[in-house]
Amino acid sequence: MVLCPVIGKLLHKRVVLASASPRRQEILSNAGLRFEVVPSKFKEKLDKASFATPYGYAMETAKQKALEVANRLYQKDLRAPDVVIGADTIVDAYYQSPETRLRFMRAMHGMTKLTACQVATAFNLSRFSSACDVGGCTGALARELAREYPRMQVTVFDLPDIIELAAHFQPPGPQAVQIHFAAGDFFRDPLPSAELYVLCRILHDWPDDKVHKLLSRVAESCKPGAGLLLVETLLDEEKRVAQRALMQSLNMLVQTEGKERSLGEYQCLLELHGFHQVQVVHLGGVLDAILATKVAP
């Protein structure tokens with residue numbers, strides 16, 4: 001099945017992927033695109049500081065990769081490809097300066113507020129008296145959880161630079177006493193104790209090995225009966241029908257190390273770390289909520 005009209009127009013073109021990344025190849029293949037793989041020889045020596053945004057750096061790198069491959073192929077057989085895909089991965093680019101961090105946080109804050117109420121009410125979470133929003137950024141979702149569950153104490157756990165700027169996003173109100181902020185790296189530092197852990201649009205940023213590492217750390221912090229709430233965009237099991245999710249997966253592949261996954265893939269990941277009784281609710285739009293419970297080993 002063809003993913004979208006744009007890909008449909010490329011079916012009879014000579015398309016070249018300027019990367020040997022297996023993840024890029026998998027997603028493009030699942031999208032219905034047929035292509036050749038010619039890894040670029042472009043050396044990534046661009047000065048990140050010379051670009052106004054992380055996307056500017058990534059786009060120029062991708063452009064240079066694509067041009068290098070196109071020129072090499074043309075010189076080799078005098079027939080340039082119709083399209084060269086030179087997707088690039090952004091590394092440690094979101095947090096280059098306080099101004100960049102703040103712009104990123106504003107964007108995340110606005111996006112989270114759009115769906116926070118749906119996330120907080122997707123399941124009845126009243127049995128949990130404490131929650132930890134891992135990678136919770138500005139606390140927008142934490143505030144909604146506190147509003148919906150007045151008995152719940154919510155800790156937002158994120159990088160120190162993010163926590164330092166989170167105060168810019170805290171409006172006054174009765175929920176303020178329920179929300180706490182803790183700084184740390186969720187791959188290295190101890191997670192705050194909680195009965196419910198929340199990973200909202202976090203796992204799709206990472207490849208499977210790092211997802212396993214993070215879920216392992218969450219599982220170690222959980223007691224039997226604790227909950228884990230995931231919010232992600234689910235692919236269908238065949239990875240061919242959910243068009244918007246597939247496009248988002250391609251976007252994640254280009255911009256980060258991660259990808260979107262199907263419910264079956266998430267269920268396997270969760271069960272490997274002791275989380276069972278998996279429930280799912282479609283939130284409307286492109287997001288889905290998954291609630292799982294930690295069971296005794």
Side-chain angles (χ1 to χ4, degrees), residues 112 115-136 141-142 144-146 148-149 151-157 182 184 186-239 241-242 245 248-249 252 257-297:
T112 303
T115 57
C117 181
Q118 291 175 298
V119 171
T121 58
F123 304 98
N124 183 355
L125 305 175
S126 59
R127 71 179 187 273
F128 303 113
S129 63
S130 59
C132 176
D133 188 1
V134 181
L141 177 55
E144 198 61 44
L145 288 168
E148 186 67 27
Y149 305 101
R151 293 179 54 253
M152 182 183 288
Q153 296 292 312
V154 187
T155 300
V156 177
F157 185 75
F186 53 57
F187 285 121
R188 296 186 301 178
D189 298 316
L191 300 179
S193 177
E195 295 179 2
L196 172 70
Y197 286 88
V198 181
L199 294 170
C200 183
R201 305 181 77 175
I202 298 295
L203 296 187
H204 73 170
D205 286 339
W206 305 103
D208 286 350
D209 60 333
K210 291 189 176 180
V211 169
H212 279 296
K213 183 175 181 179
L214 179 51
L215 289 179
S216 177
R217 303 195 84 246
V218 172
E220 290 171 359
S221 302
C222 283
K223 296 179 180 178
L228 174 57
L229 176 63
L230 304 182
V231 181
E232 295 289 355
T233 297
L234 293 180
L235 296 172
D236 62 283
E237 297 302 332
E238 297 298 323
K239 300 183 181 178
V241 177
Q248 174 66 10
S249 188
M252 296 312 301
E257 302 175 67
K259 61 181 180 180
E260 306 298 345
R261 298 172 173 87
S262 68
L263 176 60
E265 287 175 308
Y266 278 119
Q267 187 159 356
C268 287
L269 288 167
L270 291 168
E271 290 180 351
L272 282 172
H273 295 280
F275 293 97
H276 296 269
Q277 303 171 24
V278 176
Q279 307 171 61
V280 62
V281 171
H282 182 60
L283 301 179
V286 298
L287 290 180
D288 303 276
I290 302 170
L291 180 64
T293 301
K294 184 71 166 64
V295 299

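Nothing fancy with the numbering, it's 1 onward along the sequence. Values in this document were obtained by computation on a predicted structure and should not be read as measured data.
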Enter the distance from [X]:[atom1] to [Y]:[atom2] here, rounded to the nearest 0.5 Å.
{"X": "Leu270", "Y": "Leu203", "atom1": "CG", "atom2": "CG", "answer": "8.0 Å"}
{"X": "Phe128", "Y": "Met152", "atom1": "CZ", "atom2": "CE", "answer": "7.5 Å"}
{"X": "Leu272", "Y": "Ser216", "atom1": "CG", "atom2": "OG", "answer": "11.0 Å"}

How about [X] and [Y]: do any of their side-chain heavy atoms sit closer than 4.5 Å?
{"X": "Val154", "Y": "Val198", "result": "no"}
{"X": "His212", "Y": "Leu269", "result": "yes"}
{"X": "Tyr149", "Y": "Asn124", "result": "yes"}
{"X": "Glu232", "Y": "Ile290", "result": "no"}
{"X": "Val281", "Y": "Leu291", "result": "no"}
{"X": "Val119", "Y": "Leu141", "result": "yes"}
{"X": "Leu283", "Y": "Val231", "result": "yes"}
{"X": "Thr121", "Y": "Glu148", "result": "yes"}

Can a donor-acceptor pair be found between the side chains of Glu260 and Thr233 at a distance below 3.5 Å?
no
Non-hydrogen atoms of [X] and [Y] that approach each other most closely:
{"X": "Tyr197", "Y": "Pro192", "answer": "OH-O, 2.6 Å"}
{"X": "Ile202", "Y": "Val134", "answer": "CG1-O, 3.6 Å"}
{"X": "Lys294", "Y": "His273", "answer": "CE-O, 3.7 Å"}
{"X": "Leu196", "Y": "Leu228", "answer": "CD1-N, 4.0 Å"}
{"X": "His282", "Y": "Leu287", "answer": "ND1-O, 3.5 Å"}
{"X": "Ala194", "Y": "Ala131", "answer": "CB-C, 3.7 Å"}

Given 3.5 Å as the limit, does a donor-acceptor pair link the side chain of [X] with the main chain of [Y], or not?
{"X": "Gln277", "Y": "Thr293", "value": "no"}
{"X": "Gln267", "Y": "Val278", "value": "no"}
{"X": "Ser262", "Y": "Glu265", "value": "yes"}
{"X": "Ser221", "Y": "Ser193", "value": "no"}

Quick one: list whatever passes salt bridge (charged side-chain N to carboxylate O under 4.0 Å, His left out) with Asp189, sequence neighbours left out.
none
Mind checking what makes salt bridge (charged side-chain N to carboxylate O under 4.0 Å, His left out) contact with Glu144, not counting sequence neighbours?
Arg147
Any chance you could lay out the side chain to side chain contact (heavy atoms under 4.5 Å, CB included) test for Asp133 and Leu145, step after step, and finish with the verdict?
CA-CA 10 Å; Asp133 188 1; Leu145 288 168; 5.6 Å; no
Set of side chain to side chain donor-acceptor pair (under 3.5 Å) partners for Arg188, sequence neighbours left out
Asp185
Mind telling me whether Trp206 and Phe186 have parallel, tilted or perpendicular rings, with 30° and 60° as the class edges?
perpendicular
Taking it one step at a time, do Leu263 and Asp288 satisfy side chain to side chain contact (heavy atoms under 4.5 Å, CB included)?
CA-CA 9 Å; Leu263 176 60; Asp288 303 276; over 6 Å; no
Charged N to carboxylate O below 4.0 Å: is that the case for Arg261 and Asp208?
yes
